[in-house]
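Working notes for the structure below.
A quick note: this is a predicted structure, and the numbers were derived from the prediction, not measured.
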Amino acid sequence: MTDLPVLHTLRCLGFTDLDRVADAAGLTTPDTESRLIDLAVDGLVTRTPGAFGGWGLTEAGKTEDARLVAAELDAAGTRKEVTAAFEAFLVLNPELLDLCTAWHLRPVDGVPGTNDHTDTAYDARVLARFVDLDRRAAAVCAALTAALPRFGRYRGRLTAALDLARAGKREHLADTTTSYHSVWFQLHEDLLVTLGIPR
């Protein structure tokens, strides 16, 4: 029997390390590792050793994850609700991408250049726009959580990243594996996989 939370988390993250899977799945590192080992024995995940190693899904793992997620959605009977929430997500997605670009590139004399983050007023304006987008994203996350409870972790992870950025750790907007952008990207991947939509 497979473990959908860990298998699906790895599917949405892609090839990554143990700690990141544990954090995204909301599990302890030892528990996550134990579950990943079981999945590896079943031929659904694989581990690459070494400094740049990590865990990833096999083709069989991707197939099994797709099957389990489709069965979960069918059992919940909420495809219509998840689809509607996905459509609302797609309205916000271009804005999020624009904000990430604005965070990394700051126009100087009308010419885009790398944002060195010395213009605190500019950074504050971008952060304020992230906060505004997040306020609207909350409704999307709430609708998804009502349709499939496993989507509930995204709201907390997005909030945590934004709170860190507002506290001065601005790298949590778009520059870490736990940043707002990274969690948003994982949510996007999760929605595509859940609805069976190819990227």
Side-chain angles (χ1 to χ4, degrees), residues 2-36 39 54-55 57 65 68-69 72-73 75-76 78-79 81-100 103 123 126-195:
T2 62
D3 187 306
L4 179 59
V6 172
L7 185 70
H8 190 61
T9 295
L10 188 57
R11 170 65 183 84
C12 296
L13 288 172
F15 183 81
T16 192
D17 61 59
L18 172 62
D19 289 338
R20 191 170 175 218
V21 178
D23 176 68
L27 300 169
T28 66
T29 299
D31 193 26
T32 302
E33 184 173 37
S34 175
R35 295 178 189 205
L36 284 169
L39 290 167
W55 293 89
L57 260 63
D65 178 66
L68 290 171
V69 168
E72 176 195 43
L73 186 59
T78 54
R79 178 175 293 275
E81 292 80 0
V82 173
T83 299
F86 178 55
E87 290 169 354
F89 174 91
L90 289 178
V91 171
L92 297 176
N93 193 53
E95 183 178 348
L96 182 279
L97 297 177
D98 286 346
L99 285 176
C100 290
W103 183 249
D123 281 1
V126 177
L127 177 59
R129 290 179 58 201
F130 265 98
V131 171
D132 179 63
L133 178 135
D134 182 70
R135 177 183 54 77
R136 288 173 282 133
V140 176
C141 290
L144 285 169
T145 302
L148 280 179
R150 69 172 167 78
F151 278 105
R153 284 203 40 80
Y154 289 103
R155 178 69 257 166
R157 293 173 63 214
L158 289 168
T159 298
L162 191 58
D163 285 349
L164 286 168
R166 294 173 81 176
K169 298 180 179 180
R170 301 291 171 86
E171 67 273 15
H172 288 280
L173 286 179
D175 298 312
T176 69
T177 58
T178 56
S179 70
Y180 197 95
H181 176 242
S182 292
V183 177
W184 185 274
F185 181 87
Q186 185 189 345
L187 174 56
H188 192 181
E189 186 69 18
D190 199 339
L191 285 163
L192 292 173
V193 174
T194 297
L195 292 171

> Would Asp132 and Arg135 satisfy salt bridge (Lys or Arg N to Asp or Glu O under 4.0 Å), going step by step from the backbone distance to the final call?
Replying inline: CA-CA 5 Å; Asp132 179 63; Arg135 177 183 54 77; 2.6 Å; yes
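His181 NE2 to Asp175 CG: the interatomic distance, rounded to the nearest 0.5 Å, is 10.0 Å. In this structure, CG on Leu192 lies 9.0 Å from CZ on Arg11, to the nearest 0.5 angstrom. The CZ atom of Phe185 sits 13.5 Å away from the OG1 atom of Thr177 when rounded to the nearest 0.5 Å. The CG atom of Leu18 lies 5.0 Å from the CD atom of Glu33; values are rounded to the nearest 0.5 Å. Rounding to the nearest 0.5 Å places CG of Leu92 at 5.0 Å from CG of Leu133.
When all heavy atoms of Gln186 and Cys12 are compared, the closest pair comes out as CG-CB, 3.6 Å. The two residues Leu10 and Trp55 make their nearest non-hydrogen contact at CD1-O, 3.6 Å. A pairwise comparison of heavy atoms in Thr176 and Ser182 identifies O-OG, 2.8 Å as the closest pair. Closest approach of Ala174 to Cys100, counting heavy atoms only: CB-SG, 4.1 Å. Pairing each heavy atom of Thr194 with each of Leu73, the nearest pair is O-CD2, 3.6 Å. The two residues Ala24 and Leu13 come nearest to each other via the heavy atoms CB-CD1, 4.0 Å.
Every pair tested for salt bridge (charged side-chain N to carboxylate O under 4.0 Å, His left out) that includes a residue from residues 12-27 fails, sequence neighbours excluded, so the list is empty. Residue pairs meeting the salt bridge (charged side-chain N to carboxylate O under 4.0 Å, His left out) criterion with at least one member in residues 90-100, sequence neighbours excluded: Glu95-Arg136. For residues 160-180, the set of pairs meeting the ring-ring contact (aromatic ring centres under 6.0 Å, His included) definition, not counting sequence neighbours, comprises Phe130-Tyr180.
When side chains are defined from C-beta on, Phe89 does not count as touching Leu144, because their heavy atoms never get closer than 4.5 Å. The shortest side-chain heavy-atom distance between Arg170 and Val126 does not fall under the 4.5 Å cut-off. Under the 4.5 Å side-chain criterion, counting only non-hydrogen atoms from C-beta, Thr9 is not in contact with Leu27. For the pair Leu127/Leu162, a side-chain contact is recorded, criterion being any heavy-atom separation below 4.5 Å from C-beta on. Side-chain contact check for His8 versus Glu72: every heavy-atom pair is 4.5 Å or farther apart. The side-chain heavy atoms of Leu57 and Leu39, taken from C-beta on, include no pair separated by under 4.5 Å. Looking at heavy atoms from C-beta onward, Leu187 lies in side-chain contact with Leu191 at the 4.5 angstrom threshold. Within the 4.5 Å cutoff, no side-chain heavy atoms of Thr178 are placed close to those of Arg157.
For Arg79, the side chain to side chain donor-acceptor pair (under 3.5 Å) test picks out no residue, with sequence neighbours left out. Among residues two or more places apart in sequence or in another chain, the side chain to side chain donor-acceptor pair (under 3.5 Å) test is passed with Thr159 by Arg155. Take Ala88 and apply the side-chain contact (heavy atoms from CB on, under 4.5 Å) test, not counting sequence neighbours, and it matches Val140.
A donor-acceptor pair is defined here as one N or O able to donate and one able to accept, closer than 3.5 Å; such a pair exists between the side chain of Thr145 and the backbone of Cys141.
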